[in-house]
Enquirer: 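Before I ask anything, let me first share the structure, which is written out below as structure tokens.
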Amino acid sequence: EKLRFLNQINLESEVYVIRAKSNGDGHLFAGVDKQSIKDLIKEKTGYQLLDHSFVDFKAIKTLGEHKISIQIGDSTGIIKLSIQSQTQPS
């Protein structure tokens with residue numbers, strides 16, 4: 001089960017998108033934290049990550065592509081995130 005999950009999130013073509021409010025310089029008003037990533041992975045894959053699954057994680061504070069290392073048991077994997085600007089409704 002763990003290996004199947006890691007294989008699923010390690011697919012080269014899979015990039016998970018999170019939209020967040022940012023300023024004109026690409027800095028986020030509120031960093032993307034573990035909980036936001038856990039919620040996204042649960043929604044997209046059905047798997048629930050635990051806080052200790054994240055390896056050397058620091059909140060993401062900028063737009064762009066980010067790679068998040070995770071470990072489940074003895075297996076490790078990468079979650080690829082694209083943090084994109086959330087546009088405000090006019």
Side-chain angles (χ1 to χ4, degrees):
E1 188 73 15
K2 293 177 204 174
L3 186 57
R4 191 173 80 191
F5 168 68
L6 289 171
N7 286 338
Q8 182 175 345
I9 65 168
N10 270 322
L11 294 174
E12 286 297 319
S13 61
E14 189 66 41
V15 176
Y16 298 96
V17 176
I18 293 180
R19 298 197 184 280
K21 294 179 184 177
S22 64
N23 66 20
D25 294 327
H27 296 285
L28 304 182
F29 294 125
V32 174
D33 59 5
K34 288 179 186 178
Q35 190 60 51
S36 299
I37 297 168
K38 287 171 25 178
D39 292 345
L40 175 70
I41 296 300
K42 176 74 173 174
E43 175 188 326
K44 298 292 184 185
T45 68
Y47 291 100
Q48 182 65 55
L49 290 174
L50 302 174
D51 280 346
H52 67 269
S53 299
F54 293 82
V55 178
D56 296 328
F57 179 81
K58 291 184 172 85
I60 298 169
K61 299 181 181 180
T62 58
L63 297 175
E65 303 288 320
H66 299 271
K67 292 182 179 179
I68 308 301
S69 296
I70 62 165
Q71 183 168 359
I72 300 175
D74 294 333
S75 302
T76 58
I78 299 290
I79 297 173
K80 296 175 200 130
L81 296 176
S82 175
I83 310 301
Q84 300 177 1
S85 184
Q86 178 182 17
T87 55
Q88 296 296 318
S90 318

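Heads up: numbering here begins at 1 and tracks the sequence.
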Enquirer: Kindly indicate, with the supporting measurements, whether the criterion side chain to side chain contact (heavy atoms under 4.5 Å, CB included) is fulfilled by K21 and L28.
Expert: CA-CA 6 Å; K21 294 179 184 177; L28 304 182; over 6 Å; no
Enquirer: Decide yes or no on side chain to side chain contact (heavy atoms under 4.5 Å, CB included) for I79 and K67, but give the supporting numbers first.
Expert: CA-CA 6 Å; I79 297 173; K67 292 182 179 179; over 6 Å; no
Enquirer: Could you list the donor-acceptor pairs under 3.5 angstrom formed between side-chain atoms of residues 50-64 and any protein atom two or more places apart in sequence or on another chain?
Expert:
| unit_1 | atom_1 | unit_2 | atom_2 | d |
| --- | --- | --- | --- | --- |
| D51 | OD1 | K38 | NZ | 3.0 |
| S53 | OG | L50 | N | 3.4 |
| S53 | OG | L50 | O | 3.2 |

Enquirer: Are the side chain of N23 and the backbone N or O of D25 linked by a donor-acceptor pair below 3.5 Å?
Expert: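 Yes; judged by distance alone, with no hydrogens or angles, the pair exists.
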Enquirer: Does the pair L40 and I18 meet the rule for a side chain to side chain contact (heavy atoms under 4.5 Å, CB included), with working shown?
Expert: CA-CA 8 Å; L40 175 70; I18 293 180; 3.6 Å; yes
Enquirer: Once side-chain hydrogen bond (donor to acceptor under 3.5 Å, both in side chains) is applied, do any residues pair with E43, and if so which ones, sequence neighbours excluded?
Expert: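 Testing E43 for side-chain hydrogen bond (donor to acceptor under 3.5 Å, both in side chains), a comparison that skips the adjacent residues, returns none.
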Enquirer: Can you tell me how far NZ of K80 sits from CD1 of I68, rounded to the nearest 0.5 angstrom?
Expert: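 Here the rounded value is 12.5 Å.
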Enquirer: Please list, chain by chain and in numerical order, all residues satisfying side-chain contact (heavy atoms from CB on, under 4.5 Å) with D33, sequence neighbours excluded.
Expert: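 Residues passing side-chain contact (heavy atoms from CB on, under 4.5 Å) with D33: Q35, S36.
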Enquirer: So do the side chains of I70 and I78 get within less than 4.5 Å of each other, counting heavy atoms only?
Expert: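 Contact flag for I70/I78 side chains = no.
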Enquirer: State, to 0.1 Å, how close S85 and R19 come at their nearest heavy-atom pair, and which atoms those are.
Expert: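 Closest approach of S85 to R19, heavy atoms only: O-NH1, 4.1 Å.
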Enquirer: I'd like to know whether K44 forms a side chain to side chain contact (heavy atoms under 4.5 Å, CB included) with Y16, so could you lay out the CA-CA distance, the side-chain angles of the two residues, the decisive distance to 0.1 Å, and finally the verdict.
Expert: CA-CA 9 Å; K44 298 292 184 185; Y16 298 96; 3.8 Å; yes
Enquirer: Drop me the distance from L81's CG to E14's CD, to the nearest 0.5 angstrom.
Expert: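 So the gap between those two atoms works out to 10.5 Å.
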Enquirer: Looking only at side-chain N and O atoms, does Q71 offer a donor or acceptor that is under 3.5 Å from a partner on T76?
Expert: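 No, Q71 and T76 have no side-chain donor paired with an acceptor closer than 3.5 Å.
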